[in-house]
Amino acid sequence: MQIFVLISSVRLLFSMANFSWVLLLGLWSSSYAQQSRCFDDQDISIYYPCLCEGTGEGNLNITCLGVSNRKIKDIFRDSEAPEINRFALVPLAGPSNQLDIDEDLLSGKRARTIQIGSCPDDASRPLQIHPDAFRSSSDYAQKFFIVDCEINRVNWSFLSDFRELKEIQLSSVDGIKSINSLPTLNNIKQLSFTESTGFSDPLLDFPAKSLVSLATLVLDGNSDLSNEVTGTIMSTIASNAVQLESFTLINSPLITQVPENIGDVLTLKSVNLSSNSIGSVGSDAFFFSSDLSVRLIDLSNNLIATVSPDAFSQGDYGEATIQLDNNLLTKFESNAFLEVLDEMNRSGGSGIVSIANNGIICIGCDLAWLIRDNPNLLQWVSGGACVDGTAFEDVDPDNFDSACAVITPTPETTSTTEIPTTVPTTTVTSTTVTTTTPTTTPTTTPTTTPTTTPTTTPTTTPTTTPTTTPTTTPTTTPTTTPTTTPTTTPTTTPTTTPTTTPTTTPTTTPTTTPTTVISTTEASTTKDPLDEVTTTQSTSTTTVQPNNKDDLLLLLLYIIVGLVGVSLLILMFSCIYMIISRKKRKNNRKSSIPEVLDNSTNVRGAPVLPASKPTSGLPLTSPIVVQGPGGKWYKSSAGANKTAGAANNPVKSK
């Protein structure tokens, strides 16, 4: 045992030492890669005229602002990194002023996130994407975004076979209806349409069949999104059994009601309908599956004046948050909220009904059901206040006279099943047997009694026969047939009810202490047929003699811990040194910017500073070097006029 511990300790020492040096080498390599992968040995950007930025994890974010398709292909063909974290593109109109993204734009390289945005407004044709534009990223890309572009003519087949794609976001786009050509994407979890148009003319044909795994749908700030469209979307999702769990529909002025068919989505747990123009909540508006655990219903910042009875008629609301803040409610009625609050009270969870900033009238009997009859439910109401500012908790229950009807929650119904008792029937059966015995001759009694008694007794109550037979037989048969009764009773009773069986449950509880004495206690419990319990307990004690080599082993462990500590200190100081060196290199580059501006060269043609134009401010028609945010210097390309600020590629020097 001691040899094993010694060998393990030595192995631990070498493992920690190797780990420290490997970690140190990895940090140095990562830092070097982050500094060098954007630049070659001459400190010239590999991705110029695109902007290259390290993520801090050894990955790169590449942004191409108004760079031609041909140039982008050349850049990625010459680059060495097979994978990048993000590729962002501001398209450049081609020779015919058309926005086309060519095939294999990344020259076989892969990107985890692909962003296309800020398409030029003066293009003669809307954005079009070649079916094989990003084919190399089909098994790697996880997110795809389009921002501020017209997508009427986009053929979404370029996303075919994107097996790892999990999120699609379309923001500030026109022509959202083109999304109906979306191919089957089995792993998509989130789809977002933000501040976009093109939902209603014609109506959006939502591609639910292509998004069977969709869990989150976000519709935010879409100006032409109507009640009819949202109802159609929810109906399509429900009919295709899409596993939607979260639905957000906010900041849409044409939404005046809770979307129809919302309760037909059997997996929906969170609904956010805030900041719309909803005026009322109808009956069964949120009629969910009875076993669905609802988490959120947000109706805040609307124009809701009434909540109809049974608006929250079905579903598990014990843990739900129902938000009705900043509406036009004047009543808080029991037929809409009593059952929900009672369910929250019974579950004792985190459920709440929030009604802050409404004008609730507390005069009359409208609140008697809550303040007088069910004050225990007040803890599940947040922001409840009368129109005069008085909190619900401060309203005097005596303000509601006896004319106000008493309203309490419907009690829970529990079903109980009584176990039928068969003892009386068994007693009658045994009595019948004994009454026939006197009418029969003593010679026939042994033959009839065994045949009738076993057949009737087991079929009626096999478990209760033993308890009744001994009590009835001695009282009825000793005077008539004392010789036959003992023969029949033993034969029937053992065959029908083996009810009491001895059970032995030995329990062993070993107890060891870190001292030299080890105590072991064993207890066994036995229950016999007469319900007598016998417990046997035994304790054994073992004394372990001390070993003379323990002190040597302990000293060795101290040495190992010390060496590990020294290794960790070396690692820490090495990391601090690398950080200081990195900052020093960065400062040296900043101080050498003027020299770089005079002597900058590039294998793809260095930009020339025009003498008549400033070196900072708005982008120019030809590539220049400009000073951007934070004092950094950037090179700008000719096609970056769409974006605000001159942001391209930082100039580096040795």
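Here the structure is a predicted model, which means the values were calculated and not measured. No hydrogens, no waters, no symmetry mates; every other heavy atom, side chains included, goes into these values.
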Any pair counted as salt bridge (charged side-chain N to carboxylate O under 4.0 Å, His left out), so long as it reaches residues 313-340, sequence neighbours left out:
none

Taking salt bridge (charged side-chain N to carboxylate O under 4.0 Å, His left out) as the cut-off, I'd like each qualifying pair that reaches into residues 81-93, sequence neighbours left out, listed once.
Glu83-Arg110

Quiz: residues 172-180 side-chain donor-acceptor pairs under 3.5 angstrom, not counting sequence neighbours:
| unit_1 | atom_1 | unit_2 | atom_2 | d |
| --- | --- | --- | --- | --- |
| Asp174 | OD1 | Thr197 | OG1 | 2.8 |
| Lys177 | NZ | Asn152 | OD1 | 3.4 |
| Ser178 | OG | Ile151 | O | 2.9 |
| Ser178 | OG | Trp156 | NE1 | 3.3 |
| Ser178 | OG | Gly175 | O | 3.3 |
| Asn180 | ND2 | Lys177 | O | 3.4 |

Side-chain donor-acceptor contacts of residues 240-251 below 3.5 Å, not counting sequence neighbours, with atom names and distances?
| unit_1 | atom_1 | unit_2 | atom_2 | d |
| --- | --- | --- | --- | --- |
| Asn240 | ND2 | Thr236 | O | 2.8 |
| Gln243 | NE2 | Ala241 | O | 3.1 |
| Asn251 | ND2 | Asp220 | OD1 | 3.0 |

Which residues share a side chain to side chain contact (heavy atoms under 4.5 Å, CB included) with Asn186, sequence neighbours left out
Thr184, Val212

Sequence-distant partners of Asp388, side chain to side chain contact (heavy atoms under 4.5 Å, CB included), two or more places apart
Cys386, Thr390

Donor-acceptor pair, Ser196 side chain versus Phe193 backbone, under 3.5 Å?
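Not confirmed, Ser196 side chain does not pair with Phe193 backbone.
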
[X]: what forms a salt bridge (charged side-chain N to carboxylate O under 4.0 Å, His left out) with it, not counting sequence neighbours?
| X | value |
| --- | --- |
| Arg112 | none |
| Asp132 | Arg135 |
| Glu167 | none |

Taking ring pair (Phe, Tyr, Trp, His ring centres under 6.0 Å) as the test, write out the residues that go with Phe134, two or more places apart.
none

Show me the donor-acceptor pairs within less than 3.5 Å that the side chains of residues 394-405 make with the rest of the protein, sequence neighbours left out.
| unit_1 | atom_1 | unit_2 | atom_2 | d |
| --- | --- | --- | --- | --- |
| Asp396 | OD1 | Asp398 | N | 3.1 |
| Asn399 | ND2 | Asp396 | O | 3.4 |
| Asp401 | OD1 | Ala403 | N | 3.1 |

Within residues 130-173 or reaching into it, pairs that qualify as disulfide bond (SG atoms under 2.5 Å apart) - sequence neighbours excluded
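Pairs touching residues 130-173 that pass the test: Cys119-Cys149.
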
With a 6.0 Å cut-off on ring centres, are Phe144 and Phe162 close enough?
no

When the ring planes of Phe332 and Phe392 are compared, do they come out parallel, tilted or perpendicular, using 30° and 60° as the limits?
tilted

